[in-house]
Structure formats: structure tokens, C-alpha cells
Amino acid sequence: MISTQAWADARRLWDYHQMGHTPRPCSVAIGLGSHDLGVADTAVHLYKQGMTPLLVFTGATSPTTRERMPKGEAVHYRERALELGVPSSAVLVEPNARNTGDNIRFSRIVLAEAGVQVTSVLLISKPYEERRAYATACKLWPEVEFVSASTPMTFAEYVDSIQDARLVIDMLVGALQRLLIYPEQGFMISQPVPDDVREAYERLCREGFTSRLLATNP
């Protein structure tokens with residue numbers, strides 16, 4: 001059973017992980033690969049709204065996507081975009097990235113090789129990965145302005161879509177840990193973490209939502 005306090009703490013982390021940016025027109029949209037095809041759907045939606053002339057999908061495979069997306073996350077995202085009516089000429093694929101840093105570094109290379117001038121990026125991720133993706137991108141590509149985006153949904157809706165509440169909470173806790181420790185390791189910029197968010201994170205760690213923590217003191 002998940003306690004009422006744990007649900008409240010998880011919602012607090014969910015809210016914090018989202019940047020609250022309002023989408024606006026950008027040079028390109030970069031969709032970060034994962035198990036969630038909603039990233040591709042959101043990228044297509046923003047493209048059709050005129051928010052970007054070009055989509056880049058980035059991602060290889062991982063243990064959670066290898067069976068569902070054997071050709072690689074970015075390739076499956078591209079196929080989804082084409083199914084939804086985006087022309088092939090408006091989609092680039094970066095098929096090698098295996099983490100968020102790779103997503104940014106390798107997408108930057110793909111865009112440079114294509115001769116695309118980039119001053120701003122719509123950075124599209126899973127909802128609970130917005131802040132982590134933003135902090136990583138700002139570290140690795142500081143001269144570009146990033147606007148975070150994800151599929152609009154509540155915490156409860158996301159849990160329903162995954163059908164595993166404990167796993168979702170574990171992922172929220174793991175993402176927060178990385179925001180705390182990665183800046184010191186040079187992987188991302190530092191983000192202010194309010195006391196109530198940090199306290200919620202610590203309570204969830206004590207309650208055992210730790211399967212996505214890195215092997216360090218949380």
C-alpha cells in the first residue's frame with residue numbers, strides 16, 4: 001500500500017519536475033527517446049501548431065525499450081511522426097544516444113551536419129523529465145535558449161497510463177536525486193530545490209521508493 005503522505009510527496013515531486021514553460025516558436029524541436037510514444041505525439045502536435053519547422057528524434061534502445069522499439073527509440077518516433085502526417089523532410093533522426101547528455105550532444109552534431117542554424121529549441125521529454133532535460137541541455141549547449149515541453153497530463157493520469165504507481169514514484173525520486181548530485185559532477189546546471197520538495201524526496205527515500213536511485217547516499 002502507498003500511504004497518503006507518499007502520494008502527496010510524489011505529486012509534489014511531479015509538479016517540481018515540470019518547468020511550466022509556455023511553448024513558443026523555436027528553431028527546432030528535439031524529442032528525447034524513451035518508452036513513451038507520447039513524446040513523438042507532442043512533437044507532432046507542436047509542429048502542426050507552427051511552433052517549429054523541424055523535428056529531431058534522438059535515442060537508441062534501453063532495457064525498457066528494446067523489445068517494444070527494436071529499431072531504436074528515435075526511429076520509432078520518426079515512424080510515428082510520419083504516420084501522423086509530418087513530411088519526411090521535416091524529421092531528422094539521431095539513433096545513438098543512450099542518456100540525456102548524449103541526446104543533446106548528438107542532436108547538436110546532427111543539426112550542424114544538416115546546416116541548421118539553431119538559436120532556440122523546444123525540448124520535449126516525458127513530463128517528469130522536463131527539469132532534468134532542461135538542466136542538462138543548458139549545461140551542454142549554453143548559447144541556445146531551451147523551452148521545455150511534454151504531454152500535458154496530471155500525476156494521476158500518468159500513473160494510470162503506466163499502470164505501476166510504485167515504479168512511477170521510484171522514477172520521480174530517481175530524477176530528483178540526479179538533479180541534486182549531477183551538477184557537482186558537471187552533467188547539468190544547478191537548479192534550486194525548494195525545502196518542501198527536498199523533504200518530500202527524503203520521506204519517499206525512507207519509505208523505500210529507491211529502485212531508480214544511483215549507488216550513492218540519497
Problem set entry | Spacing of CD belonging to Glu202 relative to CD belonging to Glu207, to within rounding of 0.5 Å | 13.0 Å
Exercise. Is there any ring-ring contact (aromatic ring centres under 6.0 Å, His included) pair reaching into residues 165-184, and which pairs are they, with sequence neighbours excluded?
Worked result: Tyr182-Phe187
Problem set entry | Residues in ring pair (Phe, Tyr, Trp, His ring centres under 6.0 Å) contact with Tyr47, at least two apart in sequence or another chain | none
Problem set entry | Side-chain (His21) to main-chain (Ser148) donor-acceptor, under 3.5 angstrom | yes
For this session: Check Ile2 against Ala165 and note the closest heavy-atom contact, atom names and distance.
Result: CD1-CB, 3.8 Å
Exercise. When rounded to the nearest 0.5 angstrom, what distance separates CD in Glu113 from CD1 in Ile109?
Worked result: 7.0 Å
For this session: For the residue pair Leu54 and Leu111, establish whether any side-chain heavy-atom pair is separated by less than 4.5 Å.
Result: yes
Exercise. Got more than 12 heavy atoms from elsewhere within 6.0 Å of CD, Gln117?
Worked result: no
Exercise. What closest approach, in Å, do Leu214 and Gln177 show between heavy atoms, and which atom pair accounts for it?
Worked result: N-OE1, 2.8 Å
Exercise. Any idea which heavy atoms bring Leu46 and Ala149 closest together, and the distance?
Worked result: CD1-CB, 4.0 Å
For this session: Scan residues 50-60 for pairs that pass side-chain hydrogen bond (donor to acceptor under 3.5 Å, both in side chains), counting only residues two or more places apart or in two chains.
Result: Thr58-Glu94, Thr58-Asn103
For this session: Would you mind reporting whether Tyr201 and Val193 have side-chain heavy atoms less than 4.5 Å apart?
Result: no
Exercise. Is the shortest heavy-atom distance from the side chain of Asp102 to the side chain of Asn96 under 4.5 Å?
Worked result: no
Exercise. Less than 4.5 Å apart, any side-chain heavy atom of Val168 and any of Phe155?
Worked result: yes
For this session: Identify, with sequence neighbours excluded, every residue that meets side chain to side chain contact (heavy atoms under 4.5 Å, CB included) alongside Asp195.
Result: Glu199
Problem set entry | Closest non-hydrogen atom pair between Pro53 and Ala90, with its separation | O-CB, 3.8 Å
For this session: Calculate, to the nearest 0.5 Å, the distance between atoms CE and CD1 belonging to Met171 and Ile162 respectively.
Result: 5.5 Å
Exercise. Mind checking whether Leu37 and Phe57 sit in one hydrophobic cluster, side chains of I, L, V, M, F, W, Y counted as touching below 4.5 Å?
Worked result: yes
For this session: Any pair with a residue in residues 114-136 that passes salt bridge (charged side-chain N to carboxylate O under 4.0 Å, His left out), sequence neighbours left out, goes on the list, sorted by first then second residue, please.
Result: Glu129-Arg132
For this session: Mark yes when over 12 heavy atoms from residues, nucleotides or ligands other than Glu184 sit less than 6.0 Å from its CD; otherwise mark no.
Result: no
Exercise. Where the side chain of Ser27 meets the backbone of Thr119, is there a donor-acceptor pair that is under 3.5 Å apart?
Worked result: yes
Exercise. Between Val39 and Thr151, does a side chain to side chain contact (heavy atoms under 4.5 Å, CB included) hold up when you go through it step by step?
Worked result: CA-CA 7 Å; Val39 173; Thr151 304; 5.9 Å; no
Exercise. Stepwise, does the side chain to side chain contact (heavy atoms under 4.5 Å, CB included) test hold for Leu32 with Leu123?
Worked result: CA-CA 8 Å; Leu32 306 185; Leu123 191 61; 4.1 Å; yes
Problem set entry | All ring pair (Phe, Tyr, Trp, His ring centres under 6.0 Å) counterparts of Tyr16, not counting sequence neighbours | none
For this session: Give every residue pair that meets the salt bridge (charged side-chain N to carboxylate O under 4.0 Å, His left out) criterion with at least one member in residues 7-30, sequence neighbours excluded.
Result: Asp9-Arg203, Arg12-Asp196, Arg24-Glu145
Exercise. What is the minimum heavy-atom distance between Val93 and Val110, and which atoms define it?
Worked result: O-CG2, 4.3 Å
Seminar exercise, completed: To the nearest 0.5 Å, atom CD1 of Ile30 lies from atom CD1 of Ile124 at 9.0 Å
For this session: For residues Leu55 and Tyr77, determine if any side-chain heavy atom of one lies less than 4.5 Å from a side-chain heavy atom of the other.
Result: no
Exercise. Which pairs count as salt bridge (charged side-chain N to carboxylate O under 4.0 Å, His left out) when at least one residue sits in residues 40-57, sequence neighbours excluded?
Worked result: Asp41-Arg80
Problem set entry | Qualifying residues under ring pair (Phe, Tyr, Trp, His ring centres under 6.0 Å), relative to Tyr158, sequence neighbours excluded | Trp14, Tyr128
Exercise. For Leu92 and Ala114, which heavy atoms make the closest approach, and how far apart are they?
Worked result: CD1-CB, 4.1 Å
Exercise. Who are the side chain to side chain contact (heavy atoms under 4.5 Å, CB included) partners of Leu140, not counting sequence neighbours?
Worked result: Ile104, Arg105, Thr136
Seminar exercise, completed: Hits for side chain to side chain contact (heavy atoms under 4.5 Å, CB included) against Pro183, two or more places apart or cross-chain, chain-then-number order -> Met188, Ser190
For this session: Would you give the length of the straight line joining atom CD of Gln191 to atom CD1 of Ile189, rounded to the nearest 0.5 angstrom?
Result: 4.5 Å
Exercise. Which residue pairs pass the salt bridge (charged side-chain N to carboxylate O under 4.0 Å, His left out) test with at least one member in residues 146-158, sequence neighbours excluded?
Worked result: none
Exercise. Rounded to the nearest 0.5 Å, how far does OG1 of Thr42 lie from CE of Met153?
Worked result: 9.0 Å
Exercise. What do the steps show when you test Glu73 against His76 for side chain to side chain contact (heavy atoms under 4.5 Å, CB included), and what is the final call?
Worked result: CA-CA 5 Å; Glu73 297 154 5; His76 281 269; 6.0 Å; no
Problem set entry | Worked check of side chain to side chain contact (heavy atoms under 4.5 Å, CB included) between Ser88 and Leu82 | CA-CA 7 Å; Ser88 177; Leu82 298 186; 4.3 Å; yes
